[in-house]
Each structure stands twice: as C-alpha cells, then as structure tokens.
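When a ligand or atom number is given, it counts from 1 through the structure's own listing order.
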Amino acid sequence: MSHDSRIGLTSDGLSLSRLVFGAWRLLDGAVPPAAEAVARLIGTAADLGLTSFDHADIYGNYEVEAAFGAGLAHWHGKRDAIELISKCDIMLASANRPQNRLKHYDTSAGHITASVDRSLSNLRTDYLDLLLLHRPDPLTDADETAAALAALVKAGKVRAVGVSNFTPSQFDLLASRLPFALVTNQIEMSVLKTSALTDGSLDHAQRLAYAPMIWSPLGGGSLFTGTEQREARVRAALASVAAETGAGDLATVAIAWLLRHPARLVPVLGSMKPERLAAMVKALDIVLDRQQWFSLLEASEGRPVA
Ligand code: NAP
C-alpha cells in the first residue's frame, strides 16, 4: 500500500506533487548557490517527484524568488512540468523594502497585484500555479481582496488561490466573496506541533474537501536538534516505528505520520539536501498503522490519549 503521489486541486486538472519542495531556506547556506546549482537542485527535486515548489515574495529577505528564477532559466525541464506556488501580504521591515517602517500585513488590491507581478518577474514565468495569502491581515476588506484575487485568475497570472495560517472562519469569509473555491490552507504541523488535529483546521479541510499544505513538517529541524524532553521522546518513538516499518530514517517516519491523516496533507519539505529529500520521498510508500500513528502522538504529548 502507498500514498497518492499527486493531489488534485481543481476540477480543471491542476494538481500538486504530494510532497512539495519548500524554497524558504534556498539562500541560507554560507555561500548563495549559483544559478547552475539551483538548476541542479530543481532537477533533482523534479526527478524525485517533487514537482511543486513553494515560495513567498519575502523568502530570503525578498531574494529567493529571483535566485530560483535564475536557476529555472538554466534548468532544462519544461515550465508546465512543474508547479510554482508563491505568497504575498507579509511586509517585512527590510533594507529591500525601505518604505516598510515595521513588519505588517497588506491584503489591499494594489499590494496583491503588484506583489504577484514582482513574483512573476523574479521567477521568470508568466503564471503562478497557486497564489496564497501568507498570513491573515486584520485589515482585510474581503470584497476588495477577493476582487483582486479573482482578477489575477481572470488575467491568467494565477491558476488557483489559497491561504496560509488562516483560521476556518477567516477562510470562510474570504471564500464567501470569491467566484471559485480556495484550494488550500497552508498551516504549520508536525509530530511536534499537533494543534491542527484539534483546533478545527483539519476538520474544516475535510468538510470542504481541500488538501491542506503543511509547513515545517520536521518542526523546522528541531525534531533532530531539539534538546527538550518532548523532542527526545518523539525521536525515540520515531526510531522505534522506523525499525518496525524498515523506514530507515526518522524524517521518513515523521512525514509518513502526516501522510496517514485522512485530510490528505501535503507536506512542504524544507531541506536543501538531495539525500534528505530522497529519504522523505520514501514516506510515500509507508502507511503507518493506527497504533504506530498513536505511539507518535503519545510521545509528542507525553501521555496516552484519554
Ligand atoms: P522542515 O522540513 O520542518 O525543516 C527543514 C530544516 O530541517 C532544514 O533546515 C533542514 O536542514 C533541517 N534538517 C535537519 N535534519 C534534517 C533531516 N534529517 N532531514 C531533513 N531536514 C533536516 O521545514 P521548514 O524549512 O521549516 O519549512 C518547509 C517549507 O514550508 C519552507 O521551505 C516554506 O516553503 C514553507 N513555510 C511556510 C510558512 C508559512 O507561513 N506558510 C512558514 C514557514 C515555512 P538541511 O537543509 O541541512 O537538510
């Protein structure tokens, strides 16, 4: 038995790879990768089946999209063989945005439209497969924001729209003003961060039948480096399930734990290392049984379920 390797988003054929390559950390190394190295990484990811690439305008202090776009220009594959995802609305206080006096959010029509145009230009493409609003903005005027999003879809600049870090009620408000369905909510979840199981996020996703994307599926690496008791307990439980399933790698089991949930979670992988990405792709072939799944929940919470 294995997990589906693609997840359909829309009735007109848009789908994502079940595991998505997250580009947030692309420029985190001591030396920024040259365009050829980025092209190799894109090729490696695509060959592993990670055809969907998750971006945001702000990643790498507003510099990741352009570095990735330079890599795409060197890559030999076809644009329509991959899916490009980006986000907008977080405004960083950054030397690259001197007009931002403080960190804030902006879901105005003007900002969304300008941000998408910049993402398209940086990524050297003429469409995004998926645009997400990055964070809920308390000053959102749902009619204005929805009209801007609908106009981007109508113009062919964006194939589908979703949100990130939204509560179900924030999701419903925006959805109520759009002429099409929101296709995802990208939220934080991992075996270390389990609140989505009980805060209504995953119930909402199943009720409306959209596949939630999952960020920091390894707790941003703290699953391996964390020194708290919880992290140590989870590592021990992951090792035990890895031994039972022959998974070979703790990260593989941590991803398999997410894939086992019926809401069709789509983990966004943050590693920049091909061998680690390859290990996590093996999770597609590992279906945890209920007791393996609950043993990891128990280790995370530090107590058996009631
Ligand atoms: P993650 O997969 O939880 O963490 C990745 C980090 O773990 C990397 O620094 C990686 O380092 C490290 N790591 C350490 N040991 C590892 C091992 N054995 N296997 C794999 N990785 C290991 O994900 P994340 O980077 O925090 O987030 C993933 C993606 O989610 C981001 O790229 C971004 O696209 C998205 N995101 C979205 C939001 C949002 O608000 N929507 C917020 C944060 C992130 P190496 O590179 O050295 O392997």
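Taking the ring-ring contact (aromatic ring centres under 6.0 Å, His included) definition, one finds that Tyr105 meets it with nothing, sequence neighbours left out. Partners of His3 by ring-ring contact (aromatic ring centres under 6.0 Å, His included), not counting sequence neighbours: none found.
Taking every non-hydrogen atom of Lys87 and a distance limit under 4.0 Å, the qualifying atoms of ligand 1 come out as 41 (N). Near Val268, with a cut-off below 4.0 Å to any heavy atom, the atoms of ligand 1 are 28 (C), 29 (C), 30 (O), 34 (O). Close contacts between ligand 1 and Pro217 involve ligand atoms 1 (P), 2 (O), 3 (O), 23 (O) [criterion: under 4.0 Å to a heavy atom]. For ligand 1 and Gly219, the ligand atoms under 4.0 Å from any heavy atom of the residue are 3 (O). Taking every non-hydrogen atom of Ala23 and a distance limit under 4.0 Å, the qualifying atoms of ligand 1 come out as 32 (O), 34 (O). Atoms of ligand 1 lying under 4.0 Å from at least one heavy atom of Asp54, given by number and element, are 33 (C), 34 (O), 35 (C). Of all atoms in ligand 1, listed by their number and element, those nearer than 4.0 Å to a heavy atom of Gly22 are 32 (O), 34 (O).
The distance criterion of under 3.5 Å between nitrogen or oxygen atoms is met by Gly270 with respect to ligand 1. Close N/O approach between Gly220 and ligand 1 is found [any backbone or side-chain N/O within under 3.5 Å]. At least one N or O atom of Ser164 sits closer than 3.5 Å to an N or O atom of ligand 1.
The closest approach between Met280 and ligand 1 falls below 4.0 Å for a heavy atom of the residue. Distances shorter than 4.0 angstrom do not occur between any heavy atom of Met213 and any atom of ligand 1.
Looking at Arg135 and Ser164, their side chains never bring a donor and an acceptor atom within 3.5 Å of each other. One side chain, Gln186 or Asp54, offers a donor N or O that lies under 3.5 Å from an acceptor on the other. Side-chain contact, Ser271 with Arg25: no donor N or O sits under 3.5 Å from an acceptor N or O.
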Subject >> Verdict with supporting geometry, Lys157 and Asp117, salt bridge (charged side-chain N to carboxylate O under 4.0 Å, His left out) >> reply: CA-CA 8 Å; Lys157 293 182 178 183; Asp117 282 340; 2.8 Å; yes
Subject >> Criterion salt bridge (charged side-chain N to carboxylate O under 4.0 Å, His left out) on Arg177 and Glu144, from CA distance to verdict >> reply: CA-CA 9 Å; Arg177 308 303 164 88; Glu144 175 184 342; over 6 Å; no
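In this structure, atom 33 (C) of ligand 1 lies nearest to the protein heavy atom Tyr59 OH, 3.3 Å. Taking atom 43 (C) of ligand 1 as the reference point, the nearest protein heavy-atom neighbour is Trp215 CE3, 3.2 Å. The protein heavy atom nearest to atom 48 (O) of ligand 1 is Ser271 OG, 2.6 Å. Closest protein heavy atom to atom 12 (C) of ligand 1: Gly221 CA, 3.9 Å. With hydrogens left out, the protein atom closest to atom 14 (C) of ligand 1 is Arg276 NH1, 3.4 Å, a heavy atom. Looking only at heavy atoms of the protein, atom 26 (O) of ligand 1 is closest to Ser216 OG, 2.6 Å. Atom 21 (N) of ligand 1 has Leu218 CD1, 3.5 Å as its closest protein atom, hydrogens excluded (heavy atom only). At the shortest separation from atom 46 (O) of ligand 1 among protein heavy atoms lies Met272 N, 3.0 Å.
Heavy atoms of Trp24 found under 4.0 angstrom from ligand 1 belong to the backbone as well as the side chain. Looking at Asn165 against ligand 1, only its side chain comes within 4.0 Å, counting heavy atoms.
Side-chain atoms of Asn100 never come within 3.5 Å of backbone atoms of Leu102 as a donor-acceptor pair (strictly under, hydrogens ignored).
Aromatic pair Phe166/Phe171: centroids not less than 6.0 angstrom apart.
The side chain to side chain contact (heavy atoms under 4.5 Å, CB included) test with Leu182 singles out one residue from Val163, Leu132, Asp172, and that residue is Val163.
The pair Asp4-Arg18 does not meet the salt-bridge criterion, since no charged nitrogen lies less than 4.0 angstrom from a carboxylate oxygen. Salt-bridge formation is detected for the pair Glu301/Arg303: a Lys NZ or Arg NE/NH1/NH2 atom is positioned less than 4.0 Å from an Asp or Glu carboxylate oxygen. Checked for salt-bridge contact, Asp57 and Arg97 miss the test: no charged N lies under 4.0 Å from a carboxylate O.
Gln291 CD: 12 or fewer foreign heavy atoms inside a 6.0 Å radius.
The heavy atom nearest to atom 47 (O) of ligand 1, considering only Arg135, Lys273, Gln186, His134, is found in Lys273.
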